[in-house]
Amino acid sequence: MQPTPKSESELLLRAQDLAGSTLGELAEQAGIIPPPDLKRDKGWIGQLLEWHLGAVAGSKPIPDFPELGIELKTIPIGYSGKPLETTFVCVAPLIGLHGLHWGNSHIRHKLARVLWVPVEGERDIPLADRHVGSPLLWSPSIEEEQQLRQDWEELMDMIVLGRVEHITARHGEVLQLRPKAANSRALTEAYGENGQPIKTLPRGFYLKTHFTAAILARHFIL
DNA sequence: AGATGATCATCC
DNA sequence: GGATGATCATCT
């Protein structure tokens with residue numbers, strides 16, 4: 001693991017230095033062998049980039065760069081130049097929602113400052129041959145935060161009202177709520193239609209691809 | 001082709 | 001189970 005960057009500019013500089021490299025090159029430098037594919041190693045690219053950028057490893061509920069308050073997100077890019085996948089942000093709280101609002105929400109904090117690192121993501125490109133792109137340090141604009149907040153409030157309203165099982169990925173313009181679990185047998189507690197506790201799949205907030213595509217596109221223009 | 005719902009690995 | 005890291009597999 002590389003030393004943790006002391007400043008935002010140092011982190012960005014280091015990320016820019018990775019641009020143009022292949023995952024095979026970065027894996028070799030880290031002393032690891034790339035898996036044949038990501039089927040059983042879905043977090044492999046993220047962890048490889050964490051190593052190179054000196055992120056704090058582990059499963060702690062803190063930013064990747066605690067001193068800087070920055071979250072690292074790798075994002076798979078297709079031949080179209082746009083994201084191939086939605087971006088997981090955090091697990092959605094389903095109970096104990098009293099006093100929760102956008103201003104103190106976990107998701108707002110997580111998205112306050114993000115280092116996006118695009119990586120070639122087409123499955124017909126061997127993992128080791130995929131290139132890392134130019135990084136982007138991002139905070140939501142006024143408009144972006146308004147969109148996020150509106151979706152979040154709509155989704156949380158449904159959760160509070162016991163309608164979590166009526167929510168589909170089609171709710172929300174830029175933010176969606178989808179299952180986030182090891183499998184369909186992993187259940188957690190939530191509010192039911194009549195306020196009674198029910199068991200349901202854990203859910204996560206995901207950024208839709210058109211939203212992250214716009215973030216990256218804005219970067220290209222500037 | 002793109003989006004949705006389901007799933008994989010690891011750590012605690 | 002829930003946090004971290006996400007992509008897979010299937011359907012439209």
Side-chain angles (χ1 to χ4, degrees), chain A residues 1 4 23 26-27 30 32-66 70-96 105-107 109-111 114-128 130 132 151 155 159 164-190 197-214 216:
Chain A
M1 169 98 64
T4 190
L23 297 182
L26 297 183
I32 55 179
I33 305 293
D37 55 55
L38 296 176
K39 283 180 185 163
R40 309 183 69 83
D41 298 271
K42 297 183 180 182
W44 186 80
I45 297 176
Q47 287 164 0
L48 178 64
L49 271 295
E50 283 181 351
W51 186 92
H52 277 275
L53 295 175
V56 174
S59 57
K60 294 179 286 292
I62 56 174
D64 297 296
F65 302 95
I70 296 175
E71 190 72 20
L72 173 65
K73 289 288 181 195
T74 61
I75 184 165
I77 303 298
Y79 294 129
S80 64
K82 297 194 294 186
L84 283 171
E85 297 282 353
T86 56
T87 300
F88 171 72
V89 183
C90 61
V91 170
L94 301 183
I95 56 171
S105 67
H106 192 22
I107 185 170
H109 198 240
K110 275 239 166 189
L111 292 177
V114 178
L115 180 66
W116 297 99
V117 180
V119 178
E120 287 180 334
E122 294 286 1
R123 290 187 213 175
D124 61 7
I125 307 176
L127 192 53
R130 298 183 194 177
V132 175
D151 285 346
L155 293 166
I159 291 172
V164 63
E165 296 192 319
H166 295 274
I167 298 175
T168 74
R170 282 153 287 242
H171 287 88
E173 290 293 324
V174 302
L175 191 68
Q176 59 184 184
L177 193 79
R178 309 211 317 268
K180 165 65 175 173
N183 54 61
S184 58
R185 284 122 256 152
L187 299 178
T188 191
E189 194 163 279
I198 62 169
K199 287 290 191 180
T200 192
L201 284 173
R203 305 301 211 280
F205 288 116
Y206 295 78
L207 299 176
K208 294 192 174 185
T209 54
H210 74 81
F211 184 74
T212 50
L216 300 179

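Residue numbers start from 1 in every chain, and the chains themselves are labelled A, B, ... in the order their sequence lines are given, proteins ahead of strands.
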**Asked** What does A:T86 touch in the nucleic acid at a heavy-atom separation under 4.0 angstrom: a base, only the sugar-phosphate, or nothing?
**Response** base
**Prompt:** Between A:E189 and A:I198, is any pair of side-chain heavy atoms under 4.5 Å apart?
**Reply:** no
**Request:** Find the distance A:L207:CG to C:dG5:P and express it as a whole number of Å.
**Result:** 13 Å
**Message:** So, OP1 or OP2 of B:dT4: does either fall under 4.0 Å of a side-chain N or O from A:Q176?
**Reply:** yes
**Message:** Taking any heavy-atom pair under 4.0 Å as a contact, classify A:L187: base, sugar-phosphate, or nothing.
**Reply:** sugar-phosphate
**Prompt:** What's the spacing between A:I107 CD1 and A:L175 CG if we round to 0.5 Å?
**Reply:** 4.5 Å
**Request:** Compare all side-chain heavy atoms of A:L187 with those of A:T200 and state whether any distance is below 4.5 angstrom.
**Result:** no
**Item:** Degree of bending in the helix from B:dA1-C:dT12 to B:dC12-C:dG1 once both end axes are built from five pairs, to 10°
**Value:** 30°
**Request:** Could you identify which residues of residues 166-174 of chain A place a heavy atom less than 4.0 Å from some atom of DNA chain B, listed by residue number, or say none?
**Result:** A:T168, A:A169, A:R170
**Request:** Using only heavy-atom distances, decide whether a donor-acceptor pair under 3.5 angstrom links the side-chain of A:Y79 to the base of B:dA1.
**Result:** no
**Message:** Considering every strand and a 4.0 Å limit on heavy-atom distances, what is the contact class for A:G46: base, sugar-phosphate, or nothing?
**Reply:** sugar-phosphate
**N/O (side chain, A:K110) to phosphate O (OP1/OP2, C:dG5) under 4.0 Å** = yes
**Item:** Any A:R123 side-chain N or O less than 4.0 Å from OP1/OP2 of C:dC8
**Value:** yes
**Message:** Mind checking if A:K82 touches a base, just sugar-phosphate, or nothing, with heavy atoms under 4.0 Å?
**Reply:** nothing
**Message:** Considering every strand and a 4.0 Å limit on heavy-atom distances, what is the contact class for A:D41: base, sugar-phosphate, or nothing?
**Reply:** nothing
**Request:** Under 4.0 Å between any heavy atoms, over every strand shown, what does A:E189 touch: base, sugar-phosphate, or nothing? Just pick one.
**Result:** nothing
**Prompt:** Are the side chains of A:V91 and A:R203 in touch, meaning some heavy atoms are under 4.5 Å apart?
**Reply:** no
**Prompt:** So do the side chains of A:L127 and A:P35 get within less than 4.5 Å of each other, counting heavy atoms only?
**Reply:** yes
**Request:** Check if the side chain of A:K180 and the base of C:dG5 share a donor-acceptor pair of N or O atoms closer than 3.5 Å.
**Result:** yes
**Check: A:T212 and A:T86 side chains under 4.5 Å, non-hydrogen atoms** = no
**Request:** Report yes if at least one side-chain N or O of A:S184 is closer than 4.0 Å to OP1 or OP2 of B:dG5; otherwise report no.
**Result:** no
**Residue mapping more 5' on DNA chain B - nearest nucleotide basis, A:H210 or A:R40** = A:H210
**Prompt:** Heavy atoms under 4.0 Å, any strand shown: does A:R203 hit a base, just sugar-phosphate, or nothing?
**Reply:** nothing
**Item:** Side chain A:K42 and base C:dT4 donor-acceptor under 3.5 Å
**Value:** no
**Request:** Name the nucleic acid region contacted by A:S80, choosing base, sugar-phosphate or nothing; use a 4.0 angstrom heavy-atom cut-off, strictly under.
**Result:** nothing
**Request:** Output yes when at least one side-chain N/O atom of A:T87 is less than 4.0 Å from OP1 or OP2 of C:dA6, else no.
**Result:** no
